[in-house]
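First up is the structure itself, then whatever we jot down about it.
All values below come from the heavy atoms of this structure, side chains included, with hydrogens, waters and symmetry mates left out. No experiment lies behind these values; they were computed from the predicted model shown. Just follow the structure's listing: the first ligand is 1, and inside any ligand the first atom is 1.
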Amino acid sequence: MSLKRNIQELRERKIEVQKGGGDKAIEKQAAMGKLTARERILAILDENSFHEYDMFVSHLARDFNMEKKILHGDGVITGTGTIHGSPICIYAQDFTVAGGSLGLMHARKITKIMDHALKMRVPLIGINDSGGARIQEGVNSLAGYGEIFFRNTLASGVIPQLSVILGPCAGGAVYSPALTDFVFVVENISKMFITGPSVIKTVLGEEISMEELGGARVHCETAGNAHFYAKNEQECFDQIKKLIELIPRSNTEKAKRVETKEPRKEYNIEEIVPENARLPYDIKDVIRSIADDSEFFEIMELYAPNIVIGFGRLDGQTCGFVANQPKYLAGVLDCDSSDKAARFIRYCDSFNIPIITLEDMPGYLPGVDQEHMGVIRHGAKILYAYSEATVPKITVIIRKAYGGGYIAMNSRHLRADFVFAWPTAEIAVMGPEGAANIVFRKEIQEASNPEAMRKQKIEEYKEKFANPFVAAAQGYIDEVIEPTETRSMLLHALSVAENKSVSMPRKKHGIPPF
Ligand code: HXC
């Protein structure tokens, strides 16, 4: 054959493979409001940056007449490309080919690109759209999943791993996303569950739709399995690109520094927190009044909104913000908010991202529900995560810092590097009302006007303990600052902590309260 004919054949083969599961399957995919696997990859990556690998891999299944079936790319597209010029590895399951089901060679393509990502120390993006284990390939499919899960674990904390759920993701297949750092879902398109509605009907006799069981909103609001919610695929891809811009490529690097920008004028930090300490406000306004260009990229916005987590920049440097949200349940710590914050703290620590903690919370949520759900175990995760983190850790106490919550929210005692407090800070074992009722119960009961006495004792308590100066006198906070000084103090702290170096006791790994 001449070179020309070889080239011609190569081109024809490529065109054939790129047809995926054929026009009918592609039409079905489009009718569901879904892009094809290839379109998704191209939409996420920089233009002309995609290099596909293993395009001609074919399956080895021989049972159930499978030898006669041609499955282009074995139902998954893998390769490398760039996002904002930064290299990444990517795979996308192709639902048009055998429902994107995972057979042995399909799994091998995925594990090969995972190994590549880990070796090259670049982020991995996995797009899931699949009917799960390929039934005809039996245990080989299960083995394939096991190999993927093992690599997810190996890569955890070394390279960023992003999972994008753009179709069904059922059975044990959901455990790969669960082992990765960030899960993206899209309204009406994403479906994740261990056992589907038909199994639930058979076993439990309950009718439930796929959407109610494991739709995008369920995973963002209720289950906490997903971190980003989008209305459509394009919005989801924009979120992925934004995230990749903010985080480092691996645990051996820092996030790319960009030009610094002052916060926008519309956020006046002195006007956000109400005079009356009982009134709520939006902590995100405080973050926006501090962060470069007032930009805050929130993570898990819909889950446990009593704590807010996400990335913002200070002096062009990516920081992780962990902030109580007084607007929701007064910003209390509970099981879910502890889980949410602890995991994020560990992410920041793994990837060299300084952590800024903004504190205004009345403590851990009391109640039988919380106790029985394991608030002791879940609440301990925050203590563990902050104590273990060695990245720069800075706390600003804005208002309430009571009890166990005061310790948990990156206090000096868990080795915060800097603790600043606004003059409005109230640092004490508990709030003035509760404390006065306990400590001065006798005086209140015996007073001729108990209500007036109660008010007086609350004021006395406030005067004595509910301020930042008792803690400042002990050196537990470094400075009481005016709200307008917050950004400049944070910039100062970050610049002092630029070369922070601490060593922890040698161990294989700790045993966090998982
Ligand atoms: C082989 C599969 C398949 C699978 C779908 N297909 N799932 N082939 N193994 N698991 C094929 C279909 O036969 C069909 O092929 C094509 O993909 C499209 O599927 P449809 O059913 O026509 O699509 P749709 O109506 O959109 O329904 C999608 C679906 C449904 C809800 C995902 O296909 C489904 O329920 N699939 C089975 C899901 C499941 O139980 N998987 C196993 C989970 S257990 P043709 O040739 O007709 O186009 C598991 C264990 C993992 O995954 C354990 C890891 C530890």
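Protein heavy atom closest to atom 9 (N) of ligand 1, with residue, atom name and distance, is Ile135 N, 3.1 Å. Nearest non-hydrogen protein atom to atom 3 (C) of ligand 1 is Ser101 CB, 3.9 Å. Counting protein heavy atoms only, atom 28 (C) of ligand 1 is closest to Phe95 CZ, 3.6 Å. Scanning all protein heavy atoms for the shortest distance to atom 40 (O) of ligand 1 gives Gly131 O, 4.6 Å. For atom 6 (N) of ligand 1, the nearest protein heavy atom (residue, atom name, distance) is Ala98 O, 3.8 Å. Here the protein heavy atom with the shortest distance to atom 16 (C) of ligand 1 is Gly99 N, 3.7 Å. Of all protein heavy atoms, the one lying nearest to atom 31 (C) of ligand 1 is Met210 CE, 4.1 Å. Remark: minimum distance from atom 25 (O) of ligand 1 to any protein heavy atom is reached at Lys28 NZ, 3.9 Å.
Distances from atom 54 (C) of ligand 1 to the protein include at least one heavy-atom value under 4.0 Å. Less than 4.0 angstrom separates atom 1 (C) of ligand 1 from at least one non-hydrogen atom of the protein. Within a 4.0 Å radius of atom 21 (O) of ligand 1, the protein has no heavy atom. Atom 45 (P) of ligand 1 is never approached by the protein to below 4.0 angstrom, counting heavy atoms only. Per-atom contact check: atom 42 (C) of ligand 1 touches the protein, criterion being a heavy-atom distance below 4.0 Å. Distance screen at 4.0 Å: atom 34 (C) of ligand 1 has no protein heavy-atom neighbour inside the cut-off.
When the heavy-atom distances from atom 10 (N) of ligand 1 to Ser141, Cys169, Ser176, Ala133 are ranked, the shortest goes to Ala133.
Residue contacts with ligand 1, taken as heavy atom pairs separated by less than 4.0 Å, involve Leu142 solely via side-chain atoms from C-beta onward. Within the 4.0 Å heavy-atom criterion, the part of Phe149 lying near ligand 1 is the side chain and not the backbone.
Enclosure of atom CZ in Phe149 by more than 12 non-hydrogen atoms of other residues, nucleotides or ligands within 6.0 angstrom is indicated. For CD1 of Ile376, the number of neighbouring non-hydrogen atoms (other residues, nucleotides, ligands) closer than 6.0 Å is 12 at most. The environment of Lys112 atom NZ is sparse: at most 12 non-hydrogen atoms of other residues, nucleotides or ligands sit within 6.0 angstrom.
Looking at Pro168 next to ligand 1, no N or O pair under 3.5 Å apart turns up.
A cation-pi arrangement is not found for Lys393 relative to Tyr386, the charged atom failing to lie both closer than 6.0 Å to the ring centre and inside a 45° cone about the ring normal.
Between His413 and Tyr406, the two ring planes are perpendicular [angle over 60°; tilted spans 30° to 60°].
Against a heavy-atom cut-off of under 4.0 Å, Ala170 is close to the following atoms of ligand 1: 52 (O). Near Tyr145, meaning under 4.0 Å from any of its heavy atoms, are these atoms of ligand 1: 51 (C), 54 (C).
Centroid-to-centroid, the aromatic rings of His219 and Tyr229 stay 6.0 Å apart or farther. Residues Phe311 and Phe297 keep their aromatic ring centres 6.0 Å or farther apart. If you look at Tyr384 and Phe514, their ring centroids are not closer than 6.0 Å.
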